[in-house]
Structure formats: structure tokens, C-alpha cells
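Each chain gets a letter, A, B and so on, in the order its sequence line appears, and its residues count up from 1.
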2 protein chains.
Amino acid sequence: MNEIASMLAEAGLRPTRQRTAVAEALARSGRPVTAQALHARLTRSRPGPGLATVYRTVQALAEAGLARTFPAGDGELAYKLCDPGHHHHLICEGCGLVIEIPSCEVEPWAARAARRRGFALSSHQAEVFGLCADCSGQARGRRSAARA
Amino acid sequence: MNEIASMLAEAGLRPTRQRTAVAEALARSGRPVTAQALHARLTRSRPGPGLATVYRTVQALAEAGLARTFPAGDGELAYKLCDPGHHHHLICEGCGLVIEIPSCEVEPWAARAARRRGFALSSHQAEVFGLCADCSGQARGRRSAARA
DNA sequence: CCCTAGTCGAGAATGATTATCATTTCAATT
DNA sequence: AATTGAAATGATAATCATTCTCGACTAGGG
Ligand SMILES: [Mn+2]
Ligand SMILES: [Mn+2]
Ligand SMILES: [Zn+2]
Ligand SMILES: [Zn+2]
């Protein structure tokens, strides 16, 4: 039983062939993917899990805390395997790369903001957007080329 | 020309009867509302703007920076009139109340996180969740009553 | 008043997500 | 190895928020 399969088992999800395929594809991608895209990728060549199963699996992973959701394109939801436990994200607007920021330095601010307004703090959420090294490198390259 | 109408005009949107009605309803609500809910509210008794117009208007307001979007329920989008300019939100999980946090104390953290990983910072986003005074008061009251 | 770009809105179309439900697979037990 | 009740799957239909279409209507400058 490989890495992914045991991860599913620990979360109380039977590591079926289909679920394992979905979770593996998700892990292989490393960045948020929609259920639709995942299904397309899994059935392009070989026959793969049905669309309904892909939806059920990514939702189960999210409920188990093994995946997070990201708003994609229009109103769609993209999923990405994530470390359980509190952390934030650094997201590249160029290529969609997502990097986890494990240490939370936002908590004190959140607590202060809540207390100051009579709120009982429950949680907070924060994301940083930018261009990863590769993407900003390309942009810089393109700009130089145009100038030359 | 009232408050709302001139706000629309300044944003380059003709203050038609329909758009004004939508923006006024949005302002009256004070908390995020979906286009559907807004349309229902506007047409319950009197005849109001068409559904397509409600969608067009809230989207225009968002593009103009006069409204922000909040993920609602499942994958739907809710809109709320917001101050233009950078700020964060304190959101009550009980009643949906949204309070703006104008001063940004998150910027330094975002800049540091981005730089440390070779990202060119572009923006950041942060929200605090909890229970407003009213909602946590009710919860406390209910608990005491049960105990008594 | 006239004209034209901008708006409206009723209804059809789109497309992601969810629900059905008959069939298959799991995994634990005889 | 055979049995079995529960969980999972998937082809298909159903939902339902959002977007499109396009003919009719308006605002508002000249
Ligand atoms: Mn993560
Ligand atoms: Mn706001
Ligand atoms: Zn990138
Ligand atoms: Zn509240």
C-alpha cells in the first residue's frame, strides 16, 4: 500500500483504485485543480474514474482536512492537497503555483482586531499573491527582449 | 440625485432606475447578498429589475471597486458595498455581519513572506472570523438558560 | 425634438454540480 | 473459499446559478 493509499485509509476513506487515482493526480499536480480538469486528465488516454467519483473524492479529501479549496476562474472550485493544520498560502498569479507558509504571524493581529470590536475570535484566513521567481523572471526577460 | 445615484455616476455607470434600486438594496442590507437574493427581495412585492440586470449591476459595482465579493453558501457569490481602497474584514459567522478593518497591519508580514521565497509581491488578502457581540451574547444567554 | 449608445428584460442556453439507483467492490466473517 | 452487509461507483438525468440573445426602451447631449 503506497503513500497516498495509506493517507486515504488514515482519513477513514477506503483506498479504492479510483480514489487513489484521484488523490495521486491531485498530488502530482501540486497546484489547485478543478474536479472537471482532474477528471479530464484522468480519462484522456486510459479509462478512469467517473466524474461523480472525482467530485465525491475531492470533497471527501477537503472534509477530511487533507485538501483545501481555492476559488478558480469564474465561480468554480479548485482543490489542492494541503498539510492539515493552520497555515497560509503564497500564490503565483502567473502559473498558479501555491507555496505553504507554515508559521502564522497573523494571529496576534486577528485577535486584536476581533477583541477591539467585541467579537469572539474563531479563526482567520490570509493569502499572499505575487509572481514566483520563474514567472517574474520570464516577465523581466520578455521586457528586456522587447527593449533590445 | 441622491447619494447612491451620484456614486454610480462617478463610477461611469448611468444611474438608471434599475441600477439605483439594486445599489440601494445592497446598501440597505449592509452584509453580503447574492444576486438571486437581491432580485428576490427587489421583486417580492413591487415589480423590480430583471434578474439579468441585477447580475450586471453587482458585477459592474465590483469591477468599479465599489463592491466586494464573498463566497456564499456553496459556490455562489455574494456582494457587498465596500469602501474602495485596501482594507480587511471581520465577519460574524452567526449573522453574516461584516465590519471593515481599515488599517492594514498585515502588509509587512506579506512582504516578508513573499521576499523570502523569491516572489514579487502583488497583493494580499486577509479575513477574520468570529461571533459578533450580539451573536455571542445570544449563545451565552442560551447556555445559561439551559443550565438554569 | 432627434439620434444613438447604453440599458433592459423575458426567455433560451449553458455548464458546473448533485441526485438517482442499479451494479460492483470491499473487507470482515464464516 | 464462500458469504454478506455496507460502501463505493458510474451512466444518466435533474438542478439551478449564471450568461446569452436580441428586440424594445431610455437617457441625455446637441
Ligand atoms: Mn496549503
Ligand atoms: Mn469591505
Ligand atoms: Zn509562477
Ligand atoms: Zn453576528
Listed once per pair and sorted, the ring pair (Phe, Tyr, Trp, His ring centres under 6.0 Å) pairs that draw on residues 19-72 of chain A, sequence neighbours left out: A/Phe70-A/His89

Provide, to the nearest angstrom, the distance between the [atom1] atom belonging to [X] and the [atom2] atom belonging to [N].
X: A/Gln18; N: C/dT25; atom1: CD; atom2: P; answer: 9 Å
X: B/Leu8; N: D/dG28; atom1: CG; atom2: P; answer: 12 Å
X: A/His39; N: D/dT9; atom1: NE2; atom2: P; answer: 13 Å
X: A/Leu42; N: D/dT9; atom1: CG; atom2: P; answer: 13 Å
X: B/Leu51; N: D/dT19; atom1: CG; atom2: P; answer: 10 Å

Heavy-atom side-chain contact between B/Leu90 and B/Leu97 under 4.5 Å: no

Residue pair A/Cys135 / A/Glu93, side-chain heavy-atom distance below 4.5 Å: no

B/Leu61 reachable from B/Val98 in the ILVMFWY side-chain graph, under 4.5 Å edges: no

Selected nucleotide, minimal atom distance to B/Ala52 side chain, candidates C/dT18, C/dG6, C/dA10: C/dA10

Comparing B/Thr34 and B/Arg14 on DNA chain D - which has the more 5′ nearest nucleotide: B/Thr34

I'd like a table of atom pairs between the protein and nucleotides 14-16 of chain C - only N or O on both sides, under 3.5 Å - with the distance next to each one.
none

Is any side-chain nitrogen or oxygen of [X] closer than 4.0 Å to OP1 or OP2 of [N]?
X: B/Thr53; N: C/dT7; answer: no
X: A/Arg19; N: D/dA8; answer: yes
X: B/Gln59; N: D/dT19; answer: yes

Under 3.5 Å donor-acceptor pair, B/Arg56 side-chain atoms to C/dG6 base atoms: no

Sugar-phosphate only, base, or nothing, as touched by A/Arg17 at under 4.0 Å among non-hydrogen atoms: nothing

